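Starting off with a structure, shown below.
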Amino acid sequence: MSDNRIPKDFYSFETNAPFEQCIECEKYLLDDDTEYIIEKAIKNYEGYSAQDVVFDYAICMDCAEKMRKEISKESWEKMMKYFQDNIDIQSRLEMQEKTPKDNLRNCMIKKTGVEDCSEYQIYAHCKGKSLNLDNPPYMISGEVMEELLPLLSNKTIDEMNGFMNKHFSPDPSLMEPTPPSVILL
(Lines give C-alpha, C1' and ligand atoms only; values in the text may rest on other atoms or scores of the structure.)
Protein backbone atom coordinates (compact mmCIF):
# COMPACT_ATOMS: atom_id res chain seq x y z
CA MET A 1 0.00 0.00 0.00
CA SER A 2 1.29 3.43 -0.84
CA ASP A 3 1.77 6.59 1.17
CA ASN A 4 -1.60 8.26 1.82
CA ARG A 5 -0.40 11.86 2.01
CA ILE A 6 -2.09 14.11 -0.53
CA PRO A 7 0.36 14.47 -3.45
CA LYS A 8 1.30 17.93 -4.70
CA ASP A 9 -0.57 17.10 -7.93
CA PHE A 10 -3.69 17.74 -5.86
CA TYR A 11 -2.53 20.96 -4.21
CA SER A 12 -4.29 24.19 -5.07
CA PHE A 13 -2.80 25.83 -8.16
CA GLU A 14 -3.43 29.22 -6.58
CA THR A 15 -1.66 28.57 -3.27
CA ASN A 16 0.58 25.57 -4.08
CA ALA A 17 -0.63 24.11 -0.77
CA PRO A 18 -3.35 21.64 0.22
CA PHE A 19 -6.90 22.88 -0.24
CA GLU A 20 -8.25 24.08 3.09
CA GLN A 21 -11.86 25.01 2.33
CA CYS A 22 -14.83 23.64 0.43
CA ILE A 23 -15.47 25.73 -2.67
CA GLU A 24 -19.21 25.80 -1.93
CA CYS A 25 -19.71 26.16 1.83
CA GLU A 26 -16.15 27.08 2.91
CA LYS A 27 -16.06 24.23 5.44
CA TYR A 28 -12.55 23.58 6.73
CA LEU A 29 -11.34 20.38 5.06
CA LEU A 30 -8.17 19.40 6.89
CA ASP A 31 -9.83 18.03 10.04
CA ASP A 32 -9.19 14.29 10.32
CA ASP A 33 -12.83 13.26 9.86
CA THR A 34 -13.74 15.58 6.94
CA GLU A 35 -14.17 13.82 3.59
CA TYR A 36 -13.97 15.73 0.32
CA ILE A 37 -13.19 15.46 -3.38
CA ILE A 38 -10.50 17.33 -5.29
CA GLU A 39 -10.93 17.86 -9.02
CA LYS A 40 -8.35 19.46 -11.28
CA ALA A 41 -8.56 20.04 -15.05
CA ILE A 42 -5.29 20.38 -16.95
CA LYS A 43 -4.46 21.36 -20.52
CA ASN A 44 -1.28 20.13 -22.23
CA TYR A 45 0.23 21.98 -25.17
CA GLU A 46 1.25 19.67 -28.01
CA GLY A 47 4.94 19.87 -28.77
CA TYR A 48 5.72 21.65 -25.50
CA SER A 49 6.29 20.54 -21.93
CA ALA A 50 4.04 23.38 -20.78
CA GLN A 51 0.62 22.86 -19.28
CA ASP A 52 -2.06 24.99 -17.66
CA VAL A 53 -4.44 24.24 -14.84
CA VAL A 54 -7.83 25.16 -16.27
CA PHE A 55 -9.54 24.90 -12.88
CA ASP A 56 -9.13 23.13 -9.57
CA TYR A 57 -11.19 22.91 -6.43
CA ALA A 58 -12.07 20.85 -3.39
CA ILE A 59 -15.64 20.18 -2.36
CA CYS A 60 -16.86 18.56 0.87
CA MET A 61 -18.97 15.42 0.58
CA ASP A 62 -22.13 17.19 1.78
CA CYS A 63 -21.87 19.78 -0.99
CA ALA A 64 -20.82 17.15 -3.55
CA GLU A 65 -23.93 15.15 -2.69
CA LYS A 66 -26.14 18.24 -3.06
CA MET A 67 -24.60 18.86 -6.48
CA ARG A 68 -25.09 15.22 -7.48
CA LYS A 69 -28.79 15.55 -6.65
CA GLU A 70 -28.99 18.49 -9.08
CA ILE A 71 -27.98 16.18 -11.93
CA SER A 72 -31.06 14.90 -13.74
CA LYS A 73 -31.94 11.27 -13.08
CA GLU A 74 -31.62 10.54 -16.80
CA SER A 75 -28.12 12.07 -16.99
CA TRP A 76 -27.00 10.24 -13.85
CA GLU A 77 -28.21 6.89 -15.18
CA LYS A 78 -26.49 7.45 -18.55
CA MET A 79 -23.22 8.42 -16.87
CA MET A 80 -23.31 5.42 -14.54
CA LYS A 81 -24.01 3.11 -17.50
CA TYR A 82 -21.08 4.66 -19.39
CA PHE A 83 -18.73 3.97 -16.47
CA GLN A 84 -20.11 0.44 -15.92
CA ASP A 85 -19.64 -0.35 -19.62
CA ASN A 86 -16.16 1.17 -19.86
CA ILE A 87 -14.30 0.64 -16.58
CA ASP A 88 -12.24 -2.48 -16.25
CA ILE A 89 -13.15 -3.49 -12.68
CA GLN A 90 -10.01 -5.56 -12.24
CA SER A 91 -7.71 -2.67 -13.20
CA ARG A 92 -9.70 -0.35 -10.91
CA LEU A 93 -9.09 -2.77 -8.02
CA GLU A 94 -5.41 -2.97 -8.94
CA MET A 95 -5.22 0.82 -8.60
CA GLN A 96 -5.46 0.35 -4.83
CA GLU A 97 -2.06 -1.35 -4.92
CA LYS A 98 -0.39 1.35 -7.04
CA THR A 99 0.98 4.71 -5.98
CA PRO A 100 -1.24 7.74 -6.58
CA LYS A 101 1.36 8.99 -9.10
CA ASP A 102 1.09 5.72 -11.05
CA ASN A 103 -2.71 5.99 -11.09
CA LEU A 104 -2.50 9.44 -12.68
CA ARG A 105 -0.28 8.32 -15.58
CA ASN A 106 -3.09 6.87 -17.71
CA CYS A 107 -6.77 7.47 -18.27
CA MET A 108 -8.80 5.13 -16.09
CA ILE A 109 -11.13 4.40 -19.05
CA LYS A 110 -9.13 4.74 -22.29
CA LYS A 111 -5.68 3.94 -20.82
CA THR A 112 -4.31 6.95 -22.76
CA GLY A 113 -1.07 8.26 -21.29
CA VAL A 114 -1.27 11.67 -19.64
CA GLU A 115 1.39 12.97 -22.04
CA ASP A 116 -0.88 12.02 -24.99
CA CYS A 117 -3.90 13.91 -23.69
CA SER A 118 -4.51 17.47 -24.83
CA GLU A 119 -6.75 17.85 -21.78
CA TYR A 120 -7.45 15.67 -18.78
CA GLN A 121 -8.92 15.78 -15.30
CA ILE A 122 -7.63 14.23 -12.11
CA TYR A 123 -9.69 13.34 -9.06
CA ALA A 124 -8.92 12.42 -5.48
CA HIS A 125 -11.11 11.37 -2.57
CA CYS A 126 -9.55 12.76 0.59
CA LYS A 127 -10.13 12.66 4.32
CA GLY A 128 -8.49 15.45 6.26
CA LYS A 129 -4.83 15.61 5.24
CA SER A 130 -4.85 12.16 3.61
CA LEU A 131 -5.99 10.39 0.47
CA ASN A 132 -8.72 7.80 0.83
CA LEU A 133 -6.87 4.92 -0.78
CA ASP A 134 -9.99 2.71 -0.77
CA ASN A 135 -11.09 4.97 -3.64
CA PRO A 136 -7.71 5.73 -5.28
CA PRO A 137 -7.01 8.88 -7.29
CA TYR A 138 -7.60 8.63 -11.02
CA MET A 139 -7.27 10.47 -14.31
CA ILE A 140 -9.90 10.88 -17.04
CA SER A 141 -8.83 11.98 -20.53
CA GLY A 142 -10.48 14.77 -22.48
CA GLU A 143 -11.70 12.09 -24.88
CA VAL A 144 -13.78 10.52 -22.09
CA MET A 145 -15.14 13.94 -21.10
CA GLU A 146 -16.20 14.47 -24.74
CA GLU A 147 -17.99 11.10 -24.73
CA LEU A 148 -19.80 11.96 -21.49
CA LEU A 149 -21.04 15.39 -22.58
CA PRO A 150 -23.70 14.16 -25.06
CA LEU A 151 -25.12 11.92 -22.31
CA LEU A 152 -26.06 14.94 -20.19
CA SER A 153 -29.44 16.63 -20.28
CA ASN A 154 -29.72 20.37 -20.86
CA LYS A 155 -30.76 20.76 -17.20
CA THR A 156 -27.60 19.00 -16.03
CA ILE A 157 -25.40 21.04 -18.38
CA ASP A 158 -27.05 24.23 -17.07
CA GLU A 159 -26.35 23.14 -13.47
CA MET A 160 -22.71 22.40 -14.26
CA ASN A 161 -22.29 25.66 -16.13
CA GLY A 162 -23.86 27.50 -13.20
CA PHE A 163 -21.32 25.95 -10.83
CA MET A 164 -18.42 26.83 -13.14
CA ASN A 165 -19.67 30.38 -13.70
CA LYS A 166 -20.19 30.90 -9.97
CA HIS A 167 -16.69 29.82 -9.05
CA PHE A 168 -14.46 30.35 -12.06
CA SER A 169 -15.79 33.25 -14.13
CA PRO A 170 -14.03 36.58 -13.91
CA ASP A 171 -15.50 39.32 -11.78
CA PRO A 172 -18.37 40.82 -13.84
CA SER A 173 -16.97 44.30 -13.20
CA LEU A 174 -13.96 43.33 -15.33
CA MET A 175 -16.30 42.92 -18.29
CA GLU A 176 -17.84 46.39 -17.96
CA PRO A 177 -16.48 49.09 -20.24
CA THR A 178 -14.37 51.59 -18.41
CA PRO A 179 -15.48 55.17 -18.76
CA PRO A 180 -13.03 57.51 -20.44
CA SER A 181 -10.76 59.12 -17.96
CA VAL A 182 -10.18 62.80 -17.76
CA ILE A 183 -6.63 63.95 -17.36
CA LEU A 184 -6.22 67.28 -15.68
CA LEU A 185 -2.91 68.96 -16.30
Side-chain angles (χ1 to χ4, degrees), residues 6 9-10 12-14 19 21-27 29 34-44 51-96 100 103-114 116-127 131-172 175:
I6 297 171
D9 292 330
F10 289 104
S12 164
F13 177 74
E14 185 178 334
F19 285 95
Q21 292 183 306
C22 172
I23 193 169
E24 274 290 294
C25 71
E26 299 184 6
K27 177 180 184 174
L29 299 173
T34 303
E35 290 192 56
Y36 57 99
I37 302 290
I38 297 172
E39 178 177 358
K40 186 177 278 198
I42 300 158
K43 178 172 180 53
N44 285 329
Q51 59 180 206
D52 279 326
V53 172
V54 179
F55 65 83
D56 64 349
Y57 66 91
I59 187 166
C60 73
M61 287 306 209
D62 289 339
C63 290
E65 181 60 22
K66 285 178 194 167
M67 282 183 57
R68 192 199 67 73
K69 287 180 180 175
E70 295 298 320
I71 295 173
S72 73
K73 183 179 181 207
E74 175 188 0
S75 294
W76 184 255
E77 288 172 355
K78 287 180 179 180
M79 285 191 305
M80 290 302 99
K81 180 168 179 14
Y82 176 90
F83 284 109
Q84 288 170 352
D85 291 348
N86 291 287
I87 290 180
D88 175 5
I89 300 299
Q90 184 59 37
S91 68
R92 182 68 176 144
L93 291 172
E94 290 168 2
M95 289 174 75
Q96 293 178 336
N103 287 333
L104 300 179
R105 288 195 176 128
N106 297 297
C107 174
M108 181 174 73
I109 306 275
K110 301 287 185 181
K111 308 299 183 219
T112 310
V114 70
D116 296 322
C117 297
S118 59
E119 295 180 18
Y120 62 95
Q121 293 182 352
I122 58 174
Y123 301 85
H125 180 176
C126 303
K127 187 172 182 180
L131 289 172
N132 176 346
L133 295 176
D134 291 334
N135 185 15
Y138 60 94
M139 185 270 274
I140 298 286
S141 66
E143 182 182 0
V144 170
M145 301 311 281
E146 288 175 17
E147 290 177 359
L148 285 169
L149 197 56
L151 303 178
L152 305 178
S153 69
N154 289 337
K155 175 188 180 287
T156 298
I157 291 170
D158 288 347
E159 288 293 332
M160 291 177 165
N161 286 340
F163 175 82
M164 296 303 287
N165 289 339
K166 176 180 176 183
H167 296 292
F168 300 108
S169 290
D171 183 333
M175 306 309 274

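Positions are given from 1 along the sequence. Predicted model, so just to flag it, every value in this text is computed and none were measured.
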Phe10 side chain near Leu104 side chain, heavy-atom distance below 4.5 Å: yes

Backbone N/O of Lys127 and side chain of Glu35: donor-acceptor pair under 3.5 Å: no

Side chain to side chain contact (heavy atoms under 4.5 Å, CB included) partner of Cys117, chosen from Thr112, Val144, Ile140: Thr112

Evaluation steps, side chain to side chain contact (heavy atoms under 4.5 Å, CB included), between Met61 and Ile37: CA-CA 7 Å; Met61 287 306 209; Ile37 302 290; 3.7 Å; yes

Compile the donor-acceptor pairs under 3.5 Å between side chains in residues 87-94 and protein atoms, sequence neighbours left out, one pair per line.
residue	atom	partner	partner atom	Å
Asp88	OD1	Gln90	N	3.2
Gln90	NE2	Glu94	OE2	3.3
Ser91	OG	Asp88	O	2.9
Ser91	OG	Lys111	NZ	3.2
Arg92	NH1	Pro136	O	3.3
Arg92	NH2	Asn135	OD1	2.6
Arg92	NH2	Pro136	O	3.4

Between CD on residue Gln84 and CD on residue Glu77, distance to nearest 0.5 Å: 10.5 Å

All ring-ring contact (aromatic ring centres under 6.0 Å, His included) counterparts of Tyr138, not counting sequence neighbours: Tyr123

Main-chain N/O of Thr156 paired to Ser72 side chain as donor or acceptor, under 3.5 Å: no

Closest non-hydrogen atom pair, Cys60 against Lys27: CB-CD, 4.3 Å

Check against side chain to side chain contact (heavy atoms under 4.5 Å, CB included), Met79 and Leu152: CA-CA 8 Å; Met79 285 191 305; Leu152 305 178; 3.5 Å; yes

Close side-chain approach of Cys126 to Ile38, heavy-atom, < 4.5 Å: yes

Expected output: side-chain Lys40 to main-chain Ser12 donor-acceptor under 3.5 Å: no

With sequence neighbours excluded, residues passing side-chain hydrogen bond (donor to acceptor under 3.5 Å, both in side chains) with Asp85: Lys81

Reported CG-to-CE distance for the pair Asn106 and Met95, which is rounded to 0.5 angstrom: 9.5 Å

Distance-minimising heavy-atom pair for Cys107 and Ser141: SG-N, 3.3 Å

Heavy-atom side-chain proximity of Leu148 to Phe83 below 4.5 angstrom: yes

Residue list, side chain to side chain contact (heavy atoms under 4.5 Å, CB included) with Lys66, at least two apart or on another chain: none

Non-neighbouring partners of Asn86 that pass side chain to side chain contact (heavy atoms under 4.5 Å, CB included), sequence neighbours left out: Tyr82, Ile109

Heavy-atom pair with the smallest gap, counting every atom of Ile71 and Trp76: CG2-N, 3.8 Å

Enclosure of Glu65 CD (heavy-atom neighbours >12, cutoff 6.0 Å): yes

Atom pair CD (Gln21) and CG (Leu29), whose distance is rounded to the nearest 0.5 Å: 7.5 Å

Ser75 side chain vs Ser153 backbone, donor-acceptor pair below 3.5 Å: yes

Minimal non-hydrogen separation, Cys22 against Cys25, with atom names: SG-N, 3.5 Å

Contact summary for Met67 and Ile59, nearest pair of heavy atoms: SD-CD1, 3.3 Å

Phe19 vs Asp56, side chain to side chain contact (heavy atoms under 4.5 Å, CB included): CA-CA, chis, key distance, verdict: CA-CA 10 Å; Phe19 285 95; Asp56 64 349; 3.5 Å; yes

Atom pair CG (Leu149) and CD (Glu147), whose distance is rounded to the nearest 0.5 Å: 11.5 Å

Residue pair Gln121, Met145: steps toward the side chain to side chain contact (heavy atoms under 4.5 Å, CB included) verdict: CA-CA 9 Å; Gln121 293 182 352; Met145 301 311 281; 3.0 Å; yes

Set of residues satisfying side chain to side chain contact (heavy atoms under 4.5 Å, CB included) with respect to Gln51, sequence neighbours excluded: Ile42, Asn44, Tyr120

Within-4.5 Å side-chain heavy-atom neighbours: Glu24 and Tyr57: no

